[in-house]
Structure formats: structure tokens, C-alpha cells
Trainee: 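Dropping the structure in here first, questions after.
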Number of protein chains: 2
Amino acid sequence: MGQLKTAATERRSHQDFFNIAVSVDCVIFSYQDKALKVLLIKSDLKEFEGLYSLLGDLVGPDEDLEEAPYRVLQERTGLHDVYLEQVHTFGNIGRHPSGRVITTAYFSLVNSKSSNFQITHDDVSWHPVNSLKKLAFDHKIILDTCLKQLRDAVMEHPIVFNLLPEKFSLRELQDIYEAILGIELDRRNFRKRLMVKDWLVDLAEMEEDVPHRPGKLYKARPSLKKNGRAPLHIDQRLVV
Amino acid sequence: MGQLKTAATERRSHQDFFNIAVSVDCVIFSYQDKALKVLLIKSDLKEFEGLYSLLGDLVGPDEDLEEAPYRVLQERTGLHDVYLEQVHTFGNIGRHPSGRVITTAYFSLVNSKSSNFQITHDDVSWHPVNSLKKLAFDHKIILDTCLKQLRDAVMEHPIVFNLLPEKFSLRELQDIYEAILGIELDRRNFRKRLMVKDWLVDLAEMEEDVPHRPGKLYKARPSLKKNGRAPLHIDQRLVV
DNA sequence: ACAGGAATATGTACTTTTCACACATTACAG
DNA sequence: CTGTAATGTGTGAAAAGTACATATTCCTGT
């Protein structure tokens, strides 16, 4: 904002301009049962009875915008140090029935099997992204926008590891890519491309308790501090 | 925003939450004298005396967020139907000295030689992006973020035509790419890549008044309605 | 103990894309 | 009409991406 004092501005009252509430909404992705899931809460608004909505909250008066989604994540999942990426800000007049609210959407990648993870509210649950038809507010559009950005990001940046436990097999990794992109990948080419990128460390360990030949286990290269909290606009998606 | 009524929310007063002002800031790019320029205004705030800032304004109470940058462009340049792309929302607590203001940044591509273009304010002027060191507020960061996004976008999407007049030569087009990307391009490979993309229509006309062999003139393929006002989050950058 | 099943691991030929690079042509200027 | 400065075009080499088949390992069931 450059000019608080343009003529046009001064004509309007202070009251008007501080009548817009600011919120954040989090599209929290996880990977379970071979599917990409998103964390949703039952809407408690009459207008959206029976519908689910994203997890969000108003931005506090003494809270940086970027703090807010971390707080929401923390409050809702117990997780901190999650991967978050700002996606888009939605601000149509009629998007919220209770008043003027603009919202900044973030997507987050979490491992729902992490020991720290716990859902603190009964009405919050995981939903496969593919089977969602209608959400409260404009949240379906927000979700679709985030999903699109995730798909773009995932090919270029080593962020999917945030969906997985510390140790994982190449098969699990490939399954995630397939779930996110919605396409099948050739196993040999997938592994080759991945090895070229040098994102992985071979742990020289094997899967256990699988009903078939166990695969090798890998972890993400430690230098990929993908879930740090560097300013998002700088490019949190590390390019290796 | 999903839940207006969480416990945490209700504890805080209405007053608090409507104390955040919402603005937009426009990084308005043009191409002149072989350089990428950005439109800036002298800051009228004491804190930023002598510094320039981006063109922005508060979002009106009855104005869609996405309307606001179009309005700013219209008011400041006389242009409508410009190309605009939302980039990022900046909302740190201390970013505006006069109070809590979060701002959504857009970049815009305009042709400053368009007949409709006119600057309506003496303190508004073009500046080469490369020579800018310090701007008011966090506007240098905003500018850098927009420039980065422009660089990414320009390789994939046919948006640079918005910087050019209706008719242009391949040389002019290449100059723009070089100015935006900050690198030199091989002429033959550049032309080849472009022809493959099928973005151009050969006008079978020639440059005039050039001090050397004239080049052929082209225009952007009409189906690239790049400056339409489709919802930004859908993907305004047409993929051909 | 062993055979069968199911998934892992790996290499090679082919195609497409990217990149580096040189020479003939045209119009204007003097 | 000659020199200059830019336009216009093609080819070969390297790199990246794609398609594809066989051998191996471990678990399971008999």
C-alpha cells in the first residue's frame, strides 16, 4: 500500500476501511491409504449445514499474516514446523455470509502418522481430495487452487517428503507422486529421475513386515530443510 | 475462513479484528528503451521521504479484492483491460508505519506507448527495475517477488505481448525477454522455440524507419486473450 | 523344503528437446 | 556501388525424457 492519502481514500471513512476482516485458510494435505487427503471440519454455520470447510481462523491484530496458518496448524493438529506455502488470497465481496472477510489460502503438507499429530476436535477429519464435491464458502475453489499449485510444485521441489515418515521406500514415494498428480508413473524412469535429483539418502535398511520382497529405505537429504520457516515469498521451495 | 466462532475467536473483540486494513499494491511493468521499467510514485509519508513506492490503494468495502488493482491501474494510467496477476499477500505487523495494513501484490504488464496510457500525477514515473535499491515500506521485497514470478511466468505463458504494441518484430520480442530474464538469448534458438509455440501471426508486413534491414512484423495470436479478466486463480496465464 | 507369487532392482535403445554455432541476404547510408 | 548492420535460416552434438523386459529377493502356503 503506497498512498493512504489519495483523494479517493480520504473521502471514505475510517470505519469503512476497517470493516474487512482478514483470515487464513489452510489446505492441510496428508497421504493415507494410497490417497491424498485433506483435513476438513464440519461447518457450524447454518448456511452451510452438512458441508465441510477448511481449517482457518481470523488473523490476530498482533499477529503476522504468516504466523496465522502456523498457529492454525498448531492448534488443530498439534504440529509445528510444518511445511506451508502461501497460495492465493480470495476476497470477493460475497464470499462469507457473515460479513466481509478476505482470506489468504495456504497449503500444508503433514505426516498424519507423526507422533505429534493429534486432532483436537471431533468434527475434524480427513477426506480424500478426489471425492470432494462441495465445500462451505468458496472452499472448493480454494482447495482446487491449492491442489493445482501443489501439483506444479511437486515436480520441481523436494517437498513431498513432508508427507512421509522419516524413512520410506521408493514405492511409497512413487505412490505419493501418483496420488498427487493423478497419473501413473513408470517405476524405472521415476527412480532414475529421482536419483539424478540427489534428494535421497540410501539408509541401507530394508522395509519390514511387508508381504513381499522388502524394498530399501531412504530418507530425504538433510540439507533439504523443507519445513523451515523462511519467509515464504523468498522461495521456500528449495531448488536443489 | 472456516470458523468464525472458535473459542479462541470469541474471546477477542470485534474491534480488534476489524482493525486490519486491506490494500493492494501494483507492480506495473513496462518496457522502454531496452529496459524493464516499473511505475512508482514518490512517497508522501514522512517516514519514507525521498523514497518511491508502488502504486496501491485500500480495498473498498464494496469492492472485490480483484477489482482493486484494476481500479488502481485505471486511476493511475488510464488503462483498462490490462494484464494482472496476483502474486503474494504481505502482512507483517510492522510493515506499514500508520497502522496494520496487509497488502496483496499484483503485477501488471502494460504498454506505456498505448494511446490510452497517461499518467495522471506528477509524482508518478517509470524506473528501470535494475537500478532500484530502496523503496518505501516493504515494497522492494514486493517488487522482487513480483519480478521473480514474472520471470517464471514468461517462459511458460504468452504474456509478454502485453508489453508491446499490436505489431512488433521478433527482435523487439527477444529484447523484452532478455530484459526480463537478464540474460542473452541466441537469436536462432529463440525464434525456433517461439515458432514451435505457435503464439505468433506473421503479418506479412515490415518494420519501417529502422536504420538497417527491416524485420518482419508479427502480432500475438488472437486466441491468446491474455488480458481478459478471467478469475485469476483459475489460471489466467493461458497455456496454449 | 520347496514352489509359486508378488514386488524390487536394474539397463538399453529410441525419441524428443535443448544447445551451440556460421553463413547468406537485405536495406540503408555514405 | 560498396560497406555496414541487422535480418533470416539449418545442422549436428549433447542432454533429457520415454518406452520397455528380465532377473532377483523375500514371503507364503503346502
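Throughout, a chain's letter reflects where its sequence line sits, starting with A, and its residues are numbered from 1.
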Trainee: Under 3.5 Å, sequence neighbours excluded: what are the donor-acceptor pairs made by side chains of residues 212-219 of chain A?
Mentor:
{"unit_1": "K216(A)", "atom_1": "NZ", "unit_2": "D202(A)", "atom_2": "OD2", "d": "3.1"}

Trainee: Which residues in residues 174-196 of chain A have at least one heavy atom lying under 4.0 Å from any atom of DNA chain C?
Mentor: R187(A), R188(A), R191(A), K192(A)

Trainee: Salt bridge check: are D144(B) and K140(B) linked by an N-O gap of less than 4.0 Å?
Mentor: yes

Trainee: Reading DNA chain D 5' to 3', which nucleotide is the first, and which the last, to come under 4.0 Å of any heavy atom in chain B?
Mentor: dA6(D) to dT11(D)

Trainee: Nearest heavy-atom pair of I41(A) and L54(A): which atoms, and what distance?
Mentor: CG2-O, 3.9 Å

Trainee: D186(A): what forms a salt bridge (Lys or Arg N to Asp or Glu O under 4.0 Å) with it, not counting sequence neighbours?
Mentor: R188(A)

Trainee: Who pairs with A105(B) by side chain to side chain contact (heavy atoms under 4.5 Å, CB included), at least two apart in sequence or on another chain?
Mentor: F90(B), I142(B), C146(B)

Trainee: Who are the ring pair (Phe, Tyr, Trp, His ring centres under 6.0 Å) partners of F168(B), not counting sequence neighbours?
Mentor: F161(B)

Trainee: Listing request: all side-chain hydrogen bond (donor to acceptor under 3.5 Å, both in side chains) pairs with a residue in residues 170-179 of chain A, at least two apart in sequence or in separate chains.
Mentor: K34(A)-D175(A), S169(A)-E172(A), R171(A)-D175(A), Q174(A)-E178(A)

Trainee: Under the salt bridge (Lys or Arg N to Asp or Glu O under 4.0 Å) test, which residues partner K167(B), sequence neighbours left out?
Mentor: E205(B)

Trainee: Name all residues meeting the ring pair (Phe, Tyr, Trp, His ring centres under 6.0 Å) criterion together with H127(A); count only those two or more places apart in sequence or in a different chain, and write none if there are none.
Mentor: Y52(A)

Trainee: 5' to 3' on DNA chain C, which nucleotides open and close the contacts with chain A (atom under 4.0 Å from a heavy atom)?
Mentor: dA7(C) to dT12(C)

Trainee: Any residue in residues 205-217 of chain A with a heavy atom nearer than 4.0 angstrom to DNA chain C? Just list them by number, or reply none.
Mentor: H212(A), R213(A), G215(A), K216(A)

Trainee: Between V24(B) and L65(B), is a side chain to side chain contact (heavy atoms under 4.5 Å, CB included) present by the stated rule, with each step listed?
Mentor: CA-CA 8 Å; V24(B) 294; L65(B) 176 66; 3.8 Å; yes

Trainee: State, with a plain yes or no, whether a side-chain heavy atom of F137(A) is found less than 4.5 Å away from one of L135(A).
Mentor: no

Trainee: Who passes ring pair (Phe, Tyr, Trp, His ring centres under 6.0 Å) against Y31(B), sequence neighbours left out?
Mentor: none

